[in-house]
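Accompanying notes for the structure given below.
Keep in mind that what you see is a predicted model, and the values were worked out from it rather than measured.
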Amino acid sequence: MGEQITLKIDNVEVEATRGATILQAAAGAGIDIPHLCYSSNWKLPPTSSCRLCLVEVQGAKSLVTACSHPAEAGMVVRTDTDQLRHHRRLIVELLLSDHPHDCLTCENAGKCELQRYAYELGVKAPRFLCEEVATEPVQDGPAIVYDRSKCILCGRCVDMCHDVQVNGAIDYYGRGYDTRISLPQGLTRDQSCCVECGNCVNVCPTGALIAAAAQGAGRTWDLRRVQTICPYCGCGCTIMLNVRDGRIIETTVDPSLGVNKGLLCVKGRFGMDFIGHGQRLTEPLIRRDSELRPASWDEALEFVAGRLSAIKERFGPDTVAGLSSAKCTNEENYVLQKFVRAVVGTNNVDHCARLCHASTVAGLARAFGSGAMTNSIEDFDLTDCIFVIGSNTTECHPIIGSAIKRAAVQRNIPLIVADPRTIELSECASVHLRHKSGTDVALINAMIHVIITEGLADEAFIANRTEGFEDLRKAVEPYTPELAEMITGVAAADIIRAARLYASAPAASIVYSMGITQHTTGTDNVLSLANLAMLTGNVGKPGAGVNPLRGQNNVQGACDMGALPNVYSGYQSVEDQSVRRKFEQAWGVTLPAKAGLTVVEMINAADDGRLKALYLMGENPMLSDPDVNHVEQSLRKLDLLVVQDIFLSETAQLADVVLPAAGFAEKDGTFTNTERRVQRVRKAVEPPGLARDDWQIVCQLARRMGYEMAYDSASAIQDEIASLTPSYGGITYDRLERGPLQWPCPTADHPGTAYLHKDRFARGLGKFHPVEFIAPRELPDEQYPFLLSTGRILQHFHTGTMSRRSAVLDTLVPVGVMEIHPGDADRLSVADGDTVRVSSRRGQIELPARLTDRVSPGTLFLAFHYREAPANRLTIAALDPVAKIPEFKVCAVRVEACR
Amino acid sequence: MDQTEIPKLGTSRELSETEIYALLDDLSVGVQSNLISVLQRVQDRLGYLPAQAIRQISLRTRIPLSRVYGVVSFYAQFYTTPHGRHTVRVCRGTACHVKGGEKVLNSIKRKLGIDENESTANLKYYLEAVACLGTCFLAPVMMIDHQYFGELTPKAVDTILDNYGTGK
């Protein structure tokens, strides 16, 4: 907080921080000064162009713009005088001179700021009638409509795009009367760098920019707004679902709420229509005569309860397994793992975190004692250096991607990007380390080597807060930058430069994601990053840390809730007797002491007959797991496959029983985002047909299997979670109503924890783990000469169950493509758009090729969202020995042109 | 660097990526460059700003493409289509009008076979009509690039246009 000053605004003594503008000072005292080009909500820079915020300052030669003029001590300001009203009226009249007067039918009526000021200033018939701008609204792409005739050229959308979202897709174009807002000349939206986030739509004060899908669907006064959390990635953005007649019309934001501070990405803004999709499951289905046929809830639940009990009776509880869901709420994950453990009597429960961040949970728990993102998203605003490795942040975590770009471009801090591909972030990076896939340990060890040799290590931190440094020092000794250059393909000089940039920043943040974790050396990769951070004292302080970005909306929560085979909620080990006793007492049963099977182990057990029944809640292993041909073969061998989902997914199509579940917008609960923030999910619409909340389905099943499991509400489940889970101990729905909480939050008066390991690591001392470089399991050879990496793209999510059923998202990117370097394509006589056959030792798919130098020669990239070309037919189920995560990022394939 | 790779003034054909690279290398275009001066210098060399050059300038300066186009479209001095090497500005001020300026303009149009704000097919000339050149004592008057030509007649115009830039 800066120095406080006092000034007088409209005869009121007002306090303000030195440096605040007159407009901000007035707003602080509840005085609203009219403004159009400036928007305080998104911290846009004032441009002083609309002149509506002019105020009188005693002693000043002329009127001043309140949005940009600093408040000064002793200043006497008047914001509402006859002269000012006269002047403002003139401005609005001039704006209306070439603006269509169609408020009767305008989409934005009711929330239009121009309309509001016209009303407040009493502007009735416009005084100056010029020729209206005679242009039709332009809809370029499926999402956004621009109506130039309604554009007042305030420039908010431009500032949003350049300064906040940092894409710079649109700008003013032309001059004088012809000025408009435009993409680069001659480019369509999808050719430009526009990411269709629609943040421009959100800041537009008039109806010039609107969401295409919301046209004609109702205006602001018709819509009910429900605050909830986005169901896509782990950022955990707060969204407002605009509902009319039980249907979601549009997603908007409240800039004062949530980690996103009013920003959204294309999925969050335009991808919610899957909820109302016609293919939603509306009734239970039972397979009869090899076909899935409708059944009543009674029939379906009785059938499942009977079969599960029989299998448990005959073959033992360990022949049953449950897969929980990173898309479901914390309460549902808690209930499902409780069902598997207390009702079935096995620890065979896991979920897709196994496929994305199991190595994070394992690695960071060993090094620090807690396997979660150490710092907060907000920290990117104050960090001095960011090292992004194995994360295509702008596509996979767009809101965090924007925050990183703002830091790099607006604040000009060093950004180091290590990624085998060229990505959006590498284009604004100080240094791009384009290392070969799977050589992360060599790269990081060399950075550590440089930091130690050049005396850049934080010796006090090492001495006071850590153990095992000597082992690390010895282990990295051979990893000279020159050796690393040979292994990784990155020039030694770049490695040295990156090491110096990272080590010399007062607070440096490491950001990583699946490029690090999805390797057979995933745990090693995570340990090396932990080494790097501890070596430089970058743990336990703001703006620093090791920050794994979690993929799914609630993958952090599903892990926290104990949907893992070795721990109960809050990472309490099933093998710890005192912990087990606590849960046995609470749940009133005897619990198994042996850790259960992980995802890929379950599939293997199904294949060899050790597993008989699989209960699946909101997961789709038929697209998400490695080597899906093998997955299919294994699932078909099960005696019982039950799938609880909102759509008939590729996996549900194989099920014996399918149970229709409520989607995120149809239920109450909580999600925990990537930075451990527990946030309320709220019901906005009714579920379709007979669909029910996942937790209710599981509770009803438990009761039919003879175990009394009943809760009045999601809130009651949270109370049970809090009573058994120290890190969630202080979290109740009452508190969450007032705002989200970051765990650990052990008691009712604990404020939550923004960054972990302050003063003391969760395990006491941080532990250095010496790590050696080990090559990926399957590297290219003569028969399969290309290295394939899989991943995600901005417009789609995971197995596409949701995003492929969103009209806007699926129109934007309807088909998957394989990225190949133009030189390689040339040798194979493959042109851009040609269909190619990609095969590995495990399967093959056909899809169009995209020629791009974003991938290196000899490497290919595929997104795994597409059922038409499932990338995971190709991937290898080779596992990290510790975390059991599969190596999605490296396998060997062959490419042929399809003729 | 091989100077022959740098494209010559008034090139009308599509430029190759290599040629644009060579030109921007020659002008040392980078993150530190001043955008307007880069645009001016590239246009000085090429006669106009081809789309590929604008894209490359955006990449090298790390200024978003939309902003580069914003600047290009704001200033009347920048052209995004092939543009005559020499700009002919014909005065249509009051004095010139009285002394037959319109006839002069029409004869230039006929001679060059183009209308106002157009370039000749060989990209030698670009024609503009302007409000006043401030040299009424020379009326009717025109300028070619930075040189004035006064007391014009339709016939004189023909000779001037034929000989301009040929050293005669």
Residue S58(B) versus chain A: region with a heavy atom under 4.5 Å: neither

For E136(A), I'd like to know if atom CD has over 12 heavy atoms of other residues, nucleotides or ligands within 6.0 Å. no

Take a 6.0 Å sphere around CD of Q191(A) and say whether it holds more than 12 heavy atoms from other residues, nucleotides or ligands. yes

Got a sec: does the CZ of R60(B) have more than 12 other heavy atoms crowding it under 6.0 Å? yes

Top contributor to chain B interface from D171(A), L187(A), D178(A) [non-hydrogen pairs under 4.5 Å]: D171(A)

All heavy atoms of S182(A) vs all of S66(B), minimum pair found to be O-CB, 4.4 Å

Under a 4.5 Å heavy-atom cut-off, does chain B meet the side chain of Y173(A), its backbone, both or neither? both

Taking all non-hydrogen atoms of both residues, which atom of Y69(B) and which atom of P184(A) are closest, and how far apart? CD1-CB, 3.6 Å

Within a radius of less than 6.0 Å around NZ of K109(B), do more than 12 heavy atoms belonging to other residues, nucleotides or ligands occur? yes

To the nearest 0.5 Å, what is the distance between CG on L65(B) and OG on S192(A)? 9.0 Å

Heavy atoms, side chains only, cut-off 4.5 Å: are H162(A) and P64(B) in contact? yes

Tell me, do R67(B) and V158(A) make a side-chain contact under 4.5 Å, heavy atoms counted? yes

With a 6.0 Å cut-off (strictly less than), is the heavy-atom count around CZ of R41(B), excluding the residue itself, greater than 12? yes

With only heavy atoms counted, which part of A51(B) is less than 4.5 Å from chain A, the side chain, the backbone, both or neither? neither

Winner by heavy-atom pair count (cut-off under 4.5 Å) against chain B, out of V409(A), N167(A), I170(A): I170(A)

